[in-house]
Amino acid sequence: MEGQITYSFQPGPSQLLPAVEYWTQVALKEGLLSRYHRDAVWKGIFRKAQEALSRYLDLPEGWLVTFVSSATEAWQILADAAADMYSLHIVQGEFGKRWYSLQKAVSSEAKILEVAFESPLREQLIAADIQHEAIQYLAVVHVETSVGAWIPTLGMLREIFPKAIIAVDATSSMGGIQIPWRAVDMAFASVQKCFGLPPGLGILVLSPQAVSTFRDHPRVRYNSLGYLIRQAERHEPIHTPNLLGIFLAAQVYSASSESVREVENRLLARSAFLYEAFERKGFQAFLPPAYRSPTVLTFRWRFREEAQVLRVKAHAEGLYVGWGYGLYKEETFRVANFPALPDEAYERLLSVFG
């Protein structure tokens, strides 16, 4: 077995919140994971999780919290629901491309805009050869985990696409960065990133407009969006879910003393420090400043030969560094800036990378 990990900077699965261990023991001690997932106890836990997350995320009144297995499942659920809509996917990297490929598989009306990081996004959107007013469904990844790119001004999308249902993959931002809820209609994330929980659970939140639009959508699959909505309104899952994940979400975020606004302030300040600190050591940020994410930081190795040396050195110190991804796997590394990681962890990482 490889050495023990003290701090994981991998952008998912990543560092767990300290409270996870305690509440996992509680779930086991009370036998909660052996109960029927639709009995009164679990309906109460399901509702508590919905309410805790609504409060922590500062969701507007009327928004609905639902649970799925992962953000990947959410891609498919939303692709099926929007199959008949004239749609546009704004793509910054590999995960955005994968979401688009699922939409394209079920819809001939799916279009794609691949972002060029050398120019402002607004200019690219306005200049794109699309009928902006005709877009019914807009899909965008808030933080593109593969390269550490992000779209900081989601509100701009509402201005340019006023009639669209706007869906946001917030896998590497929800729970750490505030989402401008009134500018979007739905957002989803897996919990193993900013939420600091074990992998295997996804959160999909829906505005009242999205609920109204899709609530009666025909159930063509077991996990069709309409059925998911109707069950969540009753505080029930659509299948036997990740019970431990829902219980942890309920307990950890009911007990949280921080709001997402406070967490965001901390992460934004720390990301600014980290970008500067790594660049002082000679590691070039992968993207221009306007597109650099505050939660997934991506840097180029100074030279490829040092990659394995520094990884081994970091691992010997209990520090697990994130690999690059896709085309850039060998030439880059990624550092998660997630809420569960304390400042001390980055001090140790920077020391190793010195």
Side-chain angles (χ1 to χ4, degrees), residues 17 19-20 23-24 26-74 76-78 80-81 167-168 170 174-175 179 181 184-192 194-256 259-260:
L17 289 166
V20 166
W23 287 112
T24 298
V26 170
L28 293 172
K29 183 177 180 180
E30 296 186 3
L32 292 173
L33 306 185
S34 301
R35 299 186 68 100
Y36 178 48
H37 60 282
R38 300 188 193 279
D39 71 10
V41 170
W42 267 107
K43 287 187 72 169
I45 294 171
F46 192 106
R47 181 169 188 164
K48 183 175 181 178
Q50 290 175 304
E51 292 173 349
L53 290 167
S54 292
R55 180 198 60 78
Y56 176 73
L57 295 173
D58 197 24
L59 292 176
E61 185 176 354
W63 278 64
L64 180 67
V65 175
T66 72
F67 297 104
V68 293
S69 65
S70 65
T72 304
E73 185 188 18
Q76 186 66 65
I77 291 172
L78 298 187
D80 290 336
V168 179
M174 190 191 293
I179 309 293
W181 298 116
V184 305
D185 296 288
M186 54 181 75
F188 56 90
S190 294
V191 300
Q192 71 270 20
C194 286
F195 286 102
L197 301 178
L201 181 69
I203 299 168
L204 169 62
V205 299
L206 304 152
S207 71
Q209 180 183 353
V211 169
S212 175
T213 300
F214 295 108
R215 190 179 189 280
D216 296 322
H217 195 268
R219 189 183 180 190
V220 296
R221 302 181 195 269
Y222 83 92
N223 58 352
S224 292
L225 183 56
Y227 184 57
L228 181 72
I229 289 170
R230 294 191 296 275
Q231 288 297 97
E233 289 175 332
R234 299 171 52 186
H235 316 298
E236 290 190 18
I238 58 174
H239 52 68
T240 306
N242 182 337
L243 294 176
L244 178 60
I246 293 173
F247 175 74
L248 291 174
Q251 301 301 334
V252 170
Y253 285 95
S254 290
S256 175
S259 69
V260 72

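Between the CG atom of Asp80 and the CZ atom of Arg221 there is a distance of 4.0 Å, given to the nearest 0.5 Å. Summarising the geometry, atom CG belonging to Leu228 is positioned 12.5 Å from atom CD belonging to Glu236; distances are rounded to the nearest 0.5 Å. Taking CZ of Phe46 as the reference point, atom CD of Glu51 lies at 11.5 Å (rounded to 0.5 Å). One finds the CD1 atom of Ile238 at 5.5 Å from the CD1 atom of Ile77 (value rounded to the nearest 0.5 Å).
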Decide yes or no on side-chain contact (heavy atoms from CB on, under 4.5 Å) for Phe214 and Leu206, but give the supporting numbers first.
CA-CA 10 Å; Phe214 295 108; Leu206 304 152; 5.8 Å; no
Criterion side-chain contact (heavy atoms from CB on, under 4.5 Å) on Val26 and Gln251, from CA distance to verdict
CA-CA 10 Å; Val26 170; Gln251 301 301 334; over 6 Å; no
Dump the intermediate steps for side-chain contact (heavy atoms from CB on, under 4.5 Å) on Met174 and Val260, then the final yes or no.
CA-CA 9 Å; Met174 190 191 293; Val260 72; over 6 Å; no
Report the C-alpha distance between Leu204 and Leu225 in whole Å, list the side-chain angles of each, state the deciding distance to 0.1 Å, and finish with yes or no for side-chain contact (heavy atoms from CB on, under 4.5 Å).
CA-CA 10 Å; Leu204 169 62; Leu225 183 56; 4.0 Å; yes
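The side-chain hydrogen bond (donor to acceptor under 3.5 Å, both in side chains) test with His235 singles out one residue from Lys43, Gln50, Lys48, and that residue is Gln50.
When atom types are taken as modelled, the side chain of Ser212 and the backbone of Pro208 share no donor-acceptor pair closer than 3.5 angstrom. Without hydrogens or angle criteria, Gln76 side chain to Asn223 main chain gives no donor-acceptor distance under 3.5 Å. A donor-acceptor distance shorter than 3.5 angstrom exists from the side chain of Ser190 to the backbone of Ala71, with no hydrogens or angles considered. Remark: the backbone N or O of Asp185 is paired with a side-chain donor or acceptor of Ser207 at under 3.5 angstrom. Put simply, the side chain of Tyr253 gets close to the backbone of Phe195: a donor and an acceptor are under 3.5 Å apart. The closest donor-acceptor contact from the side chain of Arg215 to the backbone of Arg230 lies at 3.5 Å or more, if one exists at all. Side chain of Trp181 to main chain of Leu57: a donor-acceptor pair is present (N/O by atom type, distance under 3.5 Å, no hydrogens or angles).
Counting heavy atoms from C-beta outward, Leu33 and Leu244 have side chains that approach closer than 4.5 Å. Within the 4.5 Å cutoff, side-chain heavy atoms of Leu32 are placed close to those of Val41. Contact of the Leu243 side chain with the Pro241 side chain is registered, since non-hydrogen atoms from C-beta on lie closer than 4.5 Å. Counting only heavy atoms from C-beta outward, the side chains of Phe188 and Thr66 never approach each other to under 4.5 Å. By the 4.5 Å heavy-atom criterion applied to side chains, Pro237 and Phe67 are not counted as neighbours. Taking 4.5 Å as the limit, some side-chain heavy atom of Thr24 sits within range of a side-chain heavy atom of Leu248.
Taking both residues in full, the closest heavy atoms of Arg35 and Gly31 are given as CG-O, 3.6 Å, listed atom of the first, atom of the second, then distance. The minimum heavy-atom distance between Ser259 and Tyr56, with the atom names listed, is C-CE1, 3.9 Å.
No more than 12 heavy atoms of other residues, nucleotides or ligands sit less than 6.0 Å from atom CZ of Arg47.
Counted by atom type alone, Arg234 and Gln231 present one or more donor-acceptor pairs between their side chains at under 3.5 Å.
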